[in-house]
Structure formats: C-alpha cells, structure tokens
2 protein chains.
Amino acid sequence: MPRTASPAVRAALLERAAEMLTRREPVTLRALVEGTGASTMAVYTHFGGMPGLWRAVRQEGFTRLAARLGTVPTSDDPVRDLAALGAAYVASALAAPALYRAMFDAAAELEDPDAAAAPFQALVDAAARARDAGRFAPDSDPEAVATRYWASGHGLTLLVLTGVLPADALAAHAPAVAAALFAAAGDDAQRAARSVSAGWSLPASAE
Amino acid sequence: MPRTASPAVRAALLERAAEMLTRREPVTLRALVEGTGASTMAVYTHFGGMPGLWRAVRQEGFTRLAARLGTVPTSDDPVRDLAALGAAYVASALAAPALYRAMFDAAAELEDPDAAAAPFQALVDAAARARDAGRFAPDSDPEAVATRYWASGHGLTLLVLTGVLPADALAAHAPAVAAALFAAAGDDAQRAARSVSAGWSLPASAE
DNA sequence: CTCATTCCATGACGGTGTTATGTATAGCAC
DNA sequence: GTGCTATACATAACACCGTCATGGAATGAG
C-alpha cells in the first residue's frame, strides 16, 4: 500500500557508481549521491548500504561482460571463437580496469550467484563445440578447458592491470597461453596457433 | 645525535600486521597499535602512515615468498623443479590468503621495486635450465615461459582465494596448465606431465 | 654533564559508513 | 474522492577511520 521505490534512482546510482569507478574516483557514499541529487538514505533503501551497492556493481559488471561476450559471433572454427572470446574478455577488462578489479575483489558474493557463470558458460560452449568438431580430444572436458583458459587470462589481465606486467604483456603472452592450452586439449599445435592468432586479433578494436 | 628509532617496534608492527591479515581481522591503525602497546604515531615515524605500512607489508610478503621458493631444492629435472616452485608458490599463497591478496593489490609500488622480481627470477632460472638441458626448445624464451607460468598460476590462485573456484580447483587444474605450458615450450608432452606430477606433489605438505 | 634532536604518547580534526528521527508521498480501503 | 498507513527519502547525529599538531621523554654527540 505504501509508496514504492523508484527504479530510476537505483539505476542512476548504479550508473554513477560504475562511472566513478572507471574515472578512478573513490566511490564514497556522499560523493556518489552528490551527483544524483539523492540523499545518502537512497543507497540504504535501494541497496541496504555500501556493501549492497558493491554487490550490485559487481553484478552489473558481470552482466555487461556476459552481454559483451554475447556479441562475439560464432564461426565455423570453434578454436578461433575461443580466442575471440578471450580477446573480448580482456578488452572488456581493459576498458574499465577498476570495475574489473572490483568484480573479482569479492566475486563470490553476488546478488545472483549465477551471474559469474554466464560469461564462463560462453567459454564452455565454445570448448564443447571444439571437442564435437574434432579439434579437441573426444575425452577432453570442456569445463576444465574453459576453467584453465579463464584462470590464465584472468591472471595475466590482473598482473597487467595492477602494473606488475607492462601493458604489452597481454598481446605478447595471452595468445601463446591460449594456444598452449588448446594444444594440450588435443588440437594440433600449429593449427591452434593459427586459429588463436585469427581469433585474437578480431575484436581488439572493440571499445 | 638524537634518539634513534627502535627497529624492534617496526618489526613488531609489521609482524602484527601480517598476523592480523592472516587472521582476517581488518588491519586498522588503532587496532594495529593496540596489540603492541605502541601509539598510533609509531606507524608514522616508521612507515609514514598507513600506505607506507601497506608498502612494507607487501614488501615483507614478497621477501617471505622469495625465501620460501629458495628452499625448493634444485634437482636434475628442471621441469620438475618448475612444478615444485609452482606448488610452493601456491602453498605459500594458501597459507596466508589475505597477505597474498594484499601483495598483489598494488604490487606495482613497493619499497624495493625489485622485490617482486626475486620470486619471479627463480622461475626464469629454472626455465633457462630446462632449455639448456634440452627439455625446452633452444629458442624458447625462459622469461616468457616464466611469465606465462606465473600469470596462469596467479589467476588460478586468486580465483580460488576469492571463492570463485572451489578449493580443489588448484590441484585439478594447476598441474595441467603447467604441463600444457611446458609442452608448448618444447618439452615432450608426456614427459612434461610426468615431471609436473612429480614436482607438484612434492611440497604440498609444506606449511 | 649538557643539550639538541628525534621518538612517540595524547588529543583534536575532517572524512567515512551507518543509523535514529522526522516528514512527505504514494497506494489502498471504503 | 477521502483518509489511513506504510514506505521512500531528507536531516542530523554517531562511531570509526587515517592524519597531524602539540608536547614530553629519552638518547646520542660534544
């Protein structure tokens, strides 16, 4: 019966939080609401506090990541598709480094725990297609391949984002790691290298 | 001429900070000094503030990590040594998860920028030995192999530490990733798998 | 011994997230 | 349409954080 909370305020707060994050501004409660004209209490009614806001921000990050991976077209070369997915993943992380780091800072707790699984599933599907197409060994486990691929890319990405490795380390090592993992999954080494090279260079220009 | 700062206070603060970190307690200035009997100003005289304390904590973490990797014995199988180094690395991270995460939270800025290079160098050396021993291709780049190995292990470790992947994912995937990378570096796939299996299981019991 | 210099303890300050209190407004019963 | 009620939201105080200005105590140099 009572007054209902406006979803516009919630969306605006979330949007502004993501924007402040990409702008490297510290996301503080008062600075956050300052821009929206809302009061500090709005964060509490909509998110229950700052931890809730962060949960929502991470959720939003994974949703956007999944959406972005969804735009990667499926070709007749599933290994190339895996590489393209990896490239899109890395490009997404580089486009909003602070958001990416926030996502994995406490990725375990999300509003919807399956949110992190959505981007991951794209990799699993591609790995399964590679197996069914005869590129990977018949007994290769798509989920295991996807996990190793993901973890390796994640580590490389984070080391670059934190400044431990130079920015060009991604281009220098990510395709090589991918090719090594795909070859281990059963693909011919040279063929894997060619597919990775083709897929990796594809969405590099994507914003 | 004046009173000289006691290194014992500095060491005690550092020790307590690391202890609070492993105990998952929030490392706050007042809580930190409470245990040592010192005052808040001690942190400022010794570290210049909390950021300086974190710098020192990260530094200490890398130093301990390098020391731990230094205890891994060198065998006549350099590929096995690489696996053993990886296992020791992961074990070290699992023993103090919060410290590990703090180390890489802003690993770019350390008191001594070369501190992060020390653990890394152990990997480079082992990769160079593998190349010189004919296990890796003569034109394989030890530094590139070490970088890819490190990044992959780092990503896998972080995903487990943050709860994204289950704890057993490390044992399930880390050796496989290592074997894939070593095979890509030129080692025979089956031989690499055997060496990795031998080296990985070695220091698993280390604390 | 003297004294200057530095360590460090005490307390105040601005900023943070949180929350108690009050107010206005949107939805439902009639 | 009118009145009631439950909820969204504003305001302001709170406890905590890191920081720093002040002052006293201790130490090493001469």
Side-chain angles (χ1 to χ4, degrees), chain A residues 1-60 98-99 101-103 105-106 109-111, chain B residues 1-60 98-99 101-103 105-106 109-111:
Chain A
M1 341 102 125
R3 176 177 184 187
T4 136
S6 123
V9 174
R10 186 193 148 98
L13 287 172
L14 220 50
E15 180 66 31
R16 175 157 171 82
E19 185 188 331
M20 293 177 74
L21 219 41
T22 70
R23 207 175 296 189
R24 294 172 203 267
E25 300 171 4
V27 180
T28 166
L29 175 60
R30 287 172 177 79
L32 174 69
V33 300
E34 180 116 0
T36 69
S39 171
T40 63
M41 278 305 294
V43 173
Y44 283 81
T45 60
H46 286 283
F47 305 101
M50 286 303 279
L53 174 77
W54 285 114
R55 249 196 312 274
V57 166
R58 290 193 293 267
Q59 180 83 19
E60 177 73 13
L99 176 59
R101 293 189 62 183
M103 283 164 58
D105 213 51
E109 37 177 333
L110 293 167
E111 296 179 336
Chain B
M1 343 76 152
R3 177 175 183 188
T4 144
S6 122
V9 175
R10 184 192 151 99
L13 287 173
L14 221 49
E15 179 66 30
R16 175 157 171 81
E19 185 187 332
M20 295 178 72
L21 220 39
T22 71
R23 205 175 297 187
R24 295 172 203 267
E25 300 172 4
V27 180
T28 166
L29 175 59
R30 288 172 176 80
L32 174 68
V33 300
E34 182 116 356
T36 68
S39 173
T40 63
M41 277 306 293
V43 173
Y44 283 81
T45 59
H46 285 283
F47 304 101
M50 286 303 279
L53 174 76
W54 285 114
R55 248 196 312 272
V57 166
R58 289 194 293 267
Q59 180 83 18
E60 178 72 12
L99 175 59
R101 292 189 62 184
M103 283 163 58
D105 212 52
E109 36 176 332
L110 293 168
E111 295 178 334

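We name chains A, B, ... by the order of the sequence lines, and we start the count at 1 in each one.
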Original post:
What pairs with B:Glu34 under salt bridge (Lys or Arg N to Asp or Glu O under 4.0 Å), at least two apart in sequence or on another chain?
Top reply: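 Result, salt bridge (Lys or Arg N to Asp or Glu O under 4.0 Å) vs B:Glu34: none returned.
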Original post:
Under the salt bridge (Lys or Arg N to Asp or Glu O under 4.0 Å) test, which residues partner B:Arg55, sequence neighbours left out?
Top reply: B:Glu109
Original post:
Of B:Leu29 and A:Gly37, whose nearest nucleotide on DNA chain D comes first from the 5' end?
Top reply: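 Of the two residues, A:Gly37 wins.
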Between [N] ([atom2]) and [X] ([atom1]): distance, integer Å:
{"X": "A:Phe47", "N": "C:dT18", "atom1": "CZ", "atom2": "P", "result": "13 Å"}
{"X": "B:Trp54", "N": "D:dC17", "atom1": "CH2", "atom2": "C1'", "result": "13 Å"}
{"X": "B:Met41", "N": "D:dA25", "atom1": "CE", "atom2": "P", "result": "17 Å"}
{"X": "B:Arg10", "N": "C:dC7", "atom1": "CZ", "atom2": "P", "result": "13 Å"}
{"X": "B:Glu34", "N": "D:dG18", "atom1": "CD", "atom2": "P", "result": "13 Å"}

Original post:
Short question: side chain of A:Arg10, backbone of A:Thr45 - any donor-acceptor pair under 3.5 Å?
Top reply: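 Flag not set: sc A:Arg10 to bb A:Thr45 has no pair under 3.5 Å.
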Between [X] and [N], is there a contact of a side-chain N or O with OP1 or OP2 at under 4.0 Å?
{"X": "B:Ser39", "N": "C:dC8", "value": "no"}
{"X": "A:His46", "N": "D:dC9", "value": "yes"}
{"X": "B:Tyr44", "N": "C:dC8", "value": "no"}

Please list, pair by pair, any protein nitrogen or oxygen found under 3.5 Å from a nitrogen or oxygen in nucleotides 13-16 of chain D.
none

Subject >> Pairing residues for B:Ala18 by the side chain to side chain contact (heavy atoms under 4.5 Å, CB included) criterion, not counting sequence neighbours >> reply: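 B:Ala18 satisfies side chain to side chain contact (heavy atoms under 4.5 Å, CB included) with B:Arg64 once adjacent residues are dropped.
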Original post:
Looking only at heavy atoms, what is the nearest atom pair of B:Met103 and B:Arg58, with distance?
Top reply: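 Residues B:Met103 and B:Arg58, closest heavy atoms: O-CD, 3.3 Å.
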**OP:** Any pair with a residue in residues 23-33 of chain B that passes side chain to side chain donor-acceptor pair (under 3.5 Å), sequence neighbours left out, goes on the list, sorted by first then second residue, please.
**Re:** B:Glu19-B:Arg23
Original post:
What pairs of residues pass the salt bridge (Lys or Arg N to Asp or Glu O under 4.0 Å) test when at least one of them lies in residues 36-46 of chain B, not counting sequence neighbours?
Top reply: none
**OP:** Would you classify B:Val9 as touching base, sugar-phosphate or nothing, given that sugar-phosphate means primed atoms plus P, OP1 and OP2, and contacts are heavy atoms under 4.0 Å?
**Re:**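 If one applies the 4.0 Å heavy-atom cut-off, B:Val9 turns out to touch the sugar-phosphate alone, with no base involved.
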**OP:** Would you indicate what B:Pro51 reaches in the nucleic acid, counting non-hydrogen atoms under 4.0 angstrom: base, sugar-phosphate, or nothing?
**Re:**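 Here B:Pro51 touches the backbone only, sparing every base.
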Subject >> Nearest-nucleotide pick for B:Ala38, side chain only, options being D:dT19, D:dT11, C:dA9 >> reply: C:dA9
